[in-house]
There are 2 protein chains.
Amino acid sequence: MSERLDEQARHMLRETKLYCTEARVAILRVLLEANGPLRQDQIAGWESHKLNKVTVYRTLDSLAEAGLVHRAFLQNRAWHFELADHCSEKQCHPHFTCTNCGVTRCMTDISLPLAKIPQKGYVISRQQVRLEGLCPACA
Amino acid sequence: MSERLDEQARHMLRETKLYCTEARVAILRVLLEANGPLRQDQIAGWESHKLNKVTVYRTLDSLAEAGLVHRAFLQNRAWHFELADHCSEKQCHPHFTCTNCGVTRCMTDISLPLAKIPQKGYVISRQQVRLEGLCPACA
DNA sequence: TCAGAATATGCAACTGAGTTGCATATTTTT
DNA sequence: AAAAATATGCAACTCAGTTGCATATTCTGA
Ligand SMILES: [Zn+2]
Ligand SMILES: [Zn+2]
Ligand SMILES: [Zn+2]
Ligand SMILES: [Zn+2]
């Protein structure tokens with residue numbers, strides 16, 4: 001099954017005309033396996049892959065540019081990345097963060113209506129929602 | 001009228017039982033005058049006030065803790081602060097950022113419905129929305 | 001299949017916003 | 001006015017992100 005994910009990653013890269021390098025495949029695999037947003041250092045250290053920090057940085061940059069990956073949100077000064085395919089065209093799923101224990105969870109089963117800007121001329125290409133509160137364990 | 005703002009700032013501080021210091025009054029005034037979220041360095045350098053960076057940092061921290069000020073939900077590495085009174089109890093107004101020219105605008109006239117989390121046990125205390133796209137000038 | 005072009009990698013060194021300890025100054029309270 | 005409570009500012013630190021440059025990989029097309 002790791003074969004399967006590798007193949008999937010390679011396919012995604014070919015689709016977007018990105019060089020199919022070891023680092024890109026590894027990073028896409030990590031994101032495919034993860035069930036939520038990850039920090040760069042989490043990706044770099046995933047299962048002792050020991051990917052170089054700068055490579056991870058530049059790879060995520062290229063993956064984001066290609067639209068395969070999104071910068072989900074900034075938390076504690078660090079970007080959190082996740083696959084873009086969890087998101088619809090214009091709206092990413094909301095993320096909930098517990099103010100007590102700090103866990104962040106993808107709320108893939110919720111979606112809010114797209115905002116309508118009354119002033120003429122605005123074009124919205126992406127809407128992001130952040131929820132803050134207490135998780136079941138802390139409430 | 002700057003007298004007016006000073007008085008207003010002092011009043012806010014007294015209300016929240018915070019020490020009424022020169023730095024706090026100055027920073028509140030800056031935020032009262034500003035029409036959008038500001039970075040710490042913008043606040044520190046506002047009209048040659050030349051406030052100390054660490055003081056600005058700790059002051060904003062205390063103002064946020066007291067609920068007078070909020071950290072806006074933007075996609076930048078630097079926090080942006082604004083007065084909290086633009087926000088309702090559970091929801092802050094959305095912020096729109098133009099991906100072309102970079103301007104950020106408070107969308108105080110829009111509001112989305114509060115998210116409903118289907119899973120039991122979650123308590124949402126705050127919802128924040130970020131919009132990205134093209135402003136009228138860039139569209 | 002192999003040379004050359006195009007692109008990615010990794011080291012080291014830097015940036016920039018935030019953060020902290022500690023001695024001193026200010027504000028409040030008594 | 002003195003004491004207690006809190007805020008300020010310097011300097012030094014953290015840490016994720018970022019960049020230059022030499023080297024290594026990947027891709028392309030003869
Ligand atoms: Zn929790
Ligand atoms: Zn997510
Ligand atoms: Zn614009
Ligand atoms: Zn705002």
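Chain A is the first sequence line, chain B the second, and so forth, proteins listed ahead of strands; every chain is numbered from 1.
- Separating the NZ atom of Lys17(B) from the P atom of dA7(D) is a distance of 15 Å, rounded to the nearest angstrom.
- Comparing Ala23(B) and Lys53(B) by the nucleotide of DNA chain D that holds the closest heavy atom to each, the one mapping nearer the 5' end is Ala23(B).
- Contact annotation: Thr59(B) reaches the phosphate of dT8(D) (side-chain N/O to OP1 or OP2, under 4.0 Å).
- Each of Asp61(B) and Glu22(B) was assigned the nucleotide of DNA chain C with the nearest heavy atom; the assignment lying further toward the 5' end belongs to Asp61(B).
- Contact between the side-chain N/O atoms of Thr21(B) and the OP1/OP2 oxygens of dT8(D) is found at a separation under 4.0 Å.
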- request: Could you give me the CA-CA distance, side-chain angles and deciding distance for Thr97(A) and Arg105(A), then say whether side chain to side chain donor-acceptor pair (under 3.5 Å) is met?
  value: CA-CA 6 Å; Thr97(A) 300; Arg105(A) 198 176 153 221; over 6 Å; no

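- Ion pair Arg29(B)/Asp6(B) flagged as a salt bridge, since at least one NZ, NE, NH1 or NH2 atom sits closer than 4.0 Å to an Asp/Glu carboxylate oxygen.
- Listed nucleotides: dG21(C), dA16(D), dC11(C). Nearest to the side chain of Arg58(B): dG21(C).
- Between Arg71(A) and Asp61(A) there is a salt bridge, since at least one side-chain N of the basic residue sits less than 4.0 Å from a carboxylate O of the acidic one.
- Protein atom CH2 of Trp79(A) is 15 Å distant from nucleotide atom C1' of dT18(D), rounded to whole Å.
- Mapped onto DNA chain C by nearest heavy atom, Val56(A) and Asp41(B) fall at different nucleotides, with Val56(A) at the one closer to the 5' end.
- Note on Arg24(A): a side-chain N or O is less than 4.0 Å away from OP1 or OP2 of dA8(C).
- Distances were taken from every side-chain heavy atom of Val54(A) (C-beta onward) to each of dT18(D), dT28(C), dT8(D); the shortest belongs to dT18(D).
- When the side-chain nitrogen and oxygen atoms of Gln40(B) are compared with OP1 and OP2 of dA17(C), none of them lie within a distance under 4.0 Å.
- Each of dG17(D), dG18(C), dT7(C) was ranked by its minimum atom distance to the side chain of Tyr57(A); first place goes to dG17(D).
- A sub-4.0 Å separation between OP1 or OP2 of dA16(D) and a side-chain N or O of Asn76(A) is absent.
- The interatomic distance linking Glu65(B) (CD) with dT6(D) (P) rounds to 13 Å, in whole Å.
- Using a 30° and 60° split on the angle between ring planes, Phe96(A) and Tyr122(B) fall in the perpendicular class, above 60°.
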